[in-house]
Colleague: 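Take this structure first; my questions come after.
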Amino acid sequence: MNTHRFTGHNLRLIGLLLLLIALCISSAAATTLNPGNTANVPSIARGDPVSIHGIATGQPQIGLQIWFIGYNFAKVTTVNVNSDDSYDYELQGTDTANLASGEYFVLVQDPMENGRFDVVYDPSSGAVMNVQTEKQIYQLTGSGSLQSPNSVNALMQAIGSQNIDDTFATVAFYVSPPTVNINPIGDLQEGESVTINGTTNLAIGDNLLVSVVSSSYTPSPKNQASAFSGSGGEVTVVPGNGGLNTWSYTMDTSTFTPDEYLVTVSGVVQQVTATASFTVQCSSSGETCPIPGFASTGTTAITTVPTSISTSVPGTLTPVSTSVPVTTQHAAVPVSVCLVSIAAVFLYRRRI
């Protein structure tokens with residue numbers, strides 16, 4: 001971790017600039033689902049894209065039909081099969097941003113030998129139709145429609161009928177509001193390295209901003225010096241277990257003064273934030289801790305003056321003791337500002 005020195009005014013300008021750059025170039029990563037794999041049902045953050053990926057042999061000329069079904073939500077579309085028998089489709093973040101929390105199902109339909117979809121959706125009526133008999137199977141959308149999972153069960157029974165040669169594969173996922181969690185950190189010794197981590201339902205590849213700031217830090221006017229200890233940076237969400245993904249941020253506290261510190265983790269694209277705190281304690285017993293908010297230079301000049309001066313006064317036989325206060329002169333302490341996640345410092349000041 002590098003320590004940077006900037007004035008409070010420069011920090012605000014740089015923080016604003018880098019935050020705007022991050023927002024312009026960042027985009028939410030997609031969670032990839034593989035139809036037919038039911039071992040794990042992932043949790044999707046509302047507003048994250050969902051990528052459907054799989055293999056469909058036989059190269060159907062009309063492609064595959066994909067059904068998305070959930071609470072008050074239905075989307076039916078088609079996708080082409082690539083030359084290597086793979087297929088890919090992405091449900092955009094704009095589609096998931098307004099989804100209600102709950103479980104959603106994906107069904108991928110293959111037309112098989114006759115080269116046509118024998119079960120289709122009629123958007124004009126909202127009905128699921130049997131192409132062979134030209135009869136309605138059930139109502140998918142509109143008045144009288146079935147809610148999931150009843151709708152999914154009806155669709156699977158229709159495509160799985162002996163009179164229909166189409167086949168299908170399914171996969172499910174949960175949608176919930178974006179969440180991020182910080183695992184307990186505990187107390188640290190001055191100079192100790194530590195990894196801060198946690199879980200999130202954000203997609204693998206999404207970015208988070210991590211800010212660690214001394215609780216003693218307070219903003220000051222731009223023409224006045226200020227000092228604080230801290231750290232920060234951007235981390236990427238990686239795969240986790242149990243339907244949740246993980247993140248981690250490693251730092252050392254060698255430049256931290258003993259104090260309480262506030263950790264803030266926030267999404268770069270998603271509106272999600274979590275906070276936690278920990279304490280950095282003195283590493284050497286018997287030594288006086290530095291004053292929180294001021295970084296030590298390592299050396300302090302002290303001028304010692306005798307506590308009393310004895311002088312002979314004419315006309316007297318005994319010395320007179322004149323008390324002089326002890327004067328301790330500190331060397332000038334430069335303002336040392338640790339650049340905390342440039343964007344995160346700006347956000348922290350705004351909250352204050």
Colleague: Atom CZ in Phe73, atom CZ in Phe105: separation rounded to 0.5 Å?
Modeller: 13.5 Å
Colleague: Once rounded to the nearest 0.5 Å, what's the spacing between atom CD of Glu134 and atom CE of Met129?
Modeller: 7.5 Å
Colleague: Just to verify, which of Ser277, Ser214, Ser215 counts as forming a side chain to side chain contact (heavy atoms under 4.5 Å, CB included) with Tyr261?
Modeller: Ser214
Colleague: Does any N or O in the side chain of Asn82 come within less than 3.5 Å of the main-chain N or O of Asp84, such that one atom is a donor and the other an acceptor?
Modeller: no
Colleague: Just by distance, do the side chain of Ser161 and the backbone of Ala158 share a donor-acceptor pair under 3.5 Å?
Modeller: no
Colleague: Could you walk me through whether Gln65 and Asp110 pass the side-chain hydrogen bond (donor to acceptor under 3.5 Å, both in side chains) check?
Modeller: CA-CA 7 Å; Gln65 189 162 243; Asp110 190 317; over 6 Å; no
Colleague: Centre-to-centre under 6.0 Å for Phe68 and Tyr104, is that the case here?
Modeller: no
Colleague: Looking at every heavy atom in both Val280 and Glu190, which two are closest together, and how far apart are they?
Modeller: CG1-CA, 3.7 Å
Colleague: Nearest 0.5 angstrom please: Ser151 OG to Leu107 CG, how far?
Modeller: 10.0 Å
Colleague: Are the side chain of Thr96 and the backbone of Gly47 linked by a donor-acceptor contact shorter than 3.5 Å?
Modeller: yes
Colleague: Taking all non-hydrogen atoms of both residues, which atom of Ala56 and which atom of Val81 are closest, and how far apart?
Modeller: O-CG1, 3.7 Å
Colleague: With side chains defined as the heavy atoms from C-beta onward, is the minimum distance between Lys75 and Leu91 less than 4.5 Å?
Modeller: yes
Colleague: Are Thr275 and Leu262 packed together at the side-chain level, in the sense that at least one heavy-atom pair is separated by less than 4.5 angstrom?
Modeller: yes
Colleague: Mind running side-chain hydrogen bond (donor to acceptor under 3.5 Å, both in side chains) on Tyr89 and Ser51 for me, showing each step along the way?
Modeller: CA-CA 6 Å; Tyr89 180 81; Ser51 177; over 6 Å; no
Colleague: State, yes or no, whether a side-chain contact exists between Pro35 and Tyr87 at a heavy-atom distance under 4.5 Å.
Modeller: yes
Colleague: Going only through I, L, V, M, F, W and Y residues with side-chain contacts under 4.5 Å, is there a path from Val235 to Val212?
Modeller: yes
Colleague: Can you establish whether the number of heavy atoms outside Asp187 located under 6.0 Å from its atom CG is more than 12?
Modeller: yes
Colleague: Given Gln281 and Leu188, is the side chain to side chain contact (heavy atoms under 4.5 Å, CB included) satisfied, shown in steps?
Modeller: CA-CA 6 Å; Gln281 301 174 339; Leu188 306 176; over 6 Å; no
Colleague: Please check this pair: side chain of Asn245 against backbone of Leu202, looking for a donor-acceptor N/O pair closer than 3.5 Å.
Modeller: yes
Colleague: Classify the side-chain pair Thr195/Asn197 by whether it contains a donor and acceptor separated by less than 3.5 Å.
Modeller: no
Colleague: Given side chains that start at C-beta, do those of Ile182 and Val263 come closer than 4.5 Å, heavy atoms only?
Modeller: yes
Colleague: Please check this pair: side chain of Asp166 against backbone of Phe117, looking for a donor-acceptor N/O pair closer than 3.5 Å.
Modeller: no
Colleague: Which value, rounded to the nearest 0.5 Å, describes the distance between Thr273 atom OG1 and Leu208 atom CG?
Modeller: 9.5 Å
Colleague: If we ignore hydrogens and angles and just use 3.5 Å, is the side chain of Asn201 paired with the main-chain N or O of Pro177 as donor and acceptor?
Modeller: yes
Colleague: So which heavy atom on Gly205 is nearest to which on Thr236, and how close?
Modeller: CA-CG2, 3.6 Å
Colleague: I'd like to check Ser145 versus Leu140 (side-chain heavy atoms, cut-off strictly below 4.5 Å). Are they in contact?
Modeller: no
Colleague: Please examine the side chains of Val128 and Val119, heavy atoms only from C-beta on, and report whether any two atoms are closer than 4.5 Å.
Modeller: yes
Colleague: Any idea which heavy atoms bring Trp247 and Ile196 closest together, and the distance?
Modeller: CZ3-O, 3.5 Å
Colleague: Check whether any side-chain heavy atom of Glu234 sits under 4.5 Å from a side-chain heavy atom of Val210, and report yes or no.
Modeller: no
Colleague: Which pair of heavy atoms, one from Thr253 and one from Gly191, lies closest together, and at what distance?
Modeller: OG1-N, 2.8 Å
Colleague: Between Asp95 and Leu99, is a side chain to side chain contact (heavy atoms under 4.5 Å, CB included) present by the stated rule, with each step listed?
Modeller: CA-CA 7 Å; Asp95 291 318; Leu99 294 183; over 6 Å; no
Colleague: Would you say Val152 ends up clustered with Ile52 if hydrophobic residues are merged whenever their side chains have heavy atoms under 4.5 Å apart, either directly or through other cluster members?
Modeller: no
Colleague: Please check this pair: side chain of Thr78 against backbone of Leu64, looking for a donor-acceptor N/O pair closer than 3.5 Å.
Modeller: no
Colleague: Following the transitive rule for hydrophobic clusters with a side-chain heavy-atom cut-off under 4.5 Å over Ile, Leu, Val, Met, Phe, Trp and Tyr, establish whether Ile66 and Leu155 coincide in one cluster.
Modeller: no
Colleague: Could you state whether Ile69 and Val76 fall into the same hydrophobic cluster, counting links through intermediate Ile, Leu, Val, Met, Phe, Trp or Tyr residues with side-chain heavy atoms under 4.5 angstrom apart?
Modeller: yes
Colleague: Okay, side chain of Ser193, backbone of Asp252: is any donor-acceptor separation there less than 3.5 Å?
Modeller: no
Colleague: After noting the C-alpha distance and the side-chain angles of Phe168 and Met156, does the key distance pass the side chain to side chain contact (heavy atoms under 4.5 Å, CB included) rule?
Modeller: CA-CA 8 Å; Phe168 65 89; Met156 290 191 296; 3.7 Å; yes
Colleague: Say you draw a straight line from OG of Ser176 to CD of Glu103; how long is it, rounded to the nearest 0.5 Å?
Modeller: 12.0 Å
Colleague: Would you say Met112 and Ile164 are hydrophobically clustered, going by side-chain heavy atoms of ILVMFWY under 4.5 Å?
Modeller: no
Colleague: As a quick check of understanding, evaluate side chain to side chain contact (heavy atoms under 4.5 Å, CB included) for Tyr71 and Gln147, giving each step before the final call.
Modeller: CA-CA 6 Å; Tyr71 180 74; Gln147 293 292 338; 4.0 Å; yes
Colleague: Rounded to the nearest 0.5 Å, how far apart are CD1 of Ile159 and CG of Asp165?
Modeller: 11.0 Å
Colleague: Check whether the side chains of Gln136 and Asn130 place a donor and an acceptor atom closer than 3.5 Å, and report yes or no.
Modeller: no
Colleague: Pair Asn163, Gln132 - check side-chain hydrogen bond (donor to acceptor under 3.5 Å, both in side chains), show working.
Modeller: CA-CA 9 Å; Asn163 299 323; Gln132 294 179 3; over 6 Å; no
Colleague: For Ile62 and Gly115, work out which heavy atoms get closest and say how close.
Modeller: CD1-O, 3.4 Å
Colleague: Do Gln270 and Asp48 pair up side chain to side chain, a donor and an acceptor below 3.5 Å, judged on atom types alone?
Modeller: yes
Colleague: When you measure from the side chain of Arg46 to the backbone N and O of Ala100, does any donor-acceptor pair fall under 3.5 Å?
Modeller: no
Colleague: So, Ser231 and Tyr249: side-chain donor and acceptor under 3.5 Å apart, yes or no?
Modeller: yes
Colleague: Quick one: does Gln139's side chain have a donor or acceptor within less than 3.5 Å of a partner on Ser125's backbone?
Modeller: yes
Colleague: Any side-chain heavy atom of Trp67 sitting closer than 4.5 Å to one from Tyr121?
Modeller: yes
Colleague: Looking only at side-chain N and O atoms, does Asp259 offer a donor or acceptor that is under 3.5 Å from a partner on Thr257?
Modeller: no
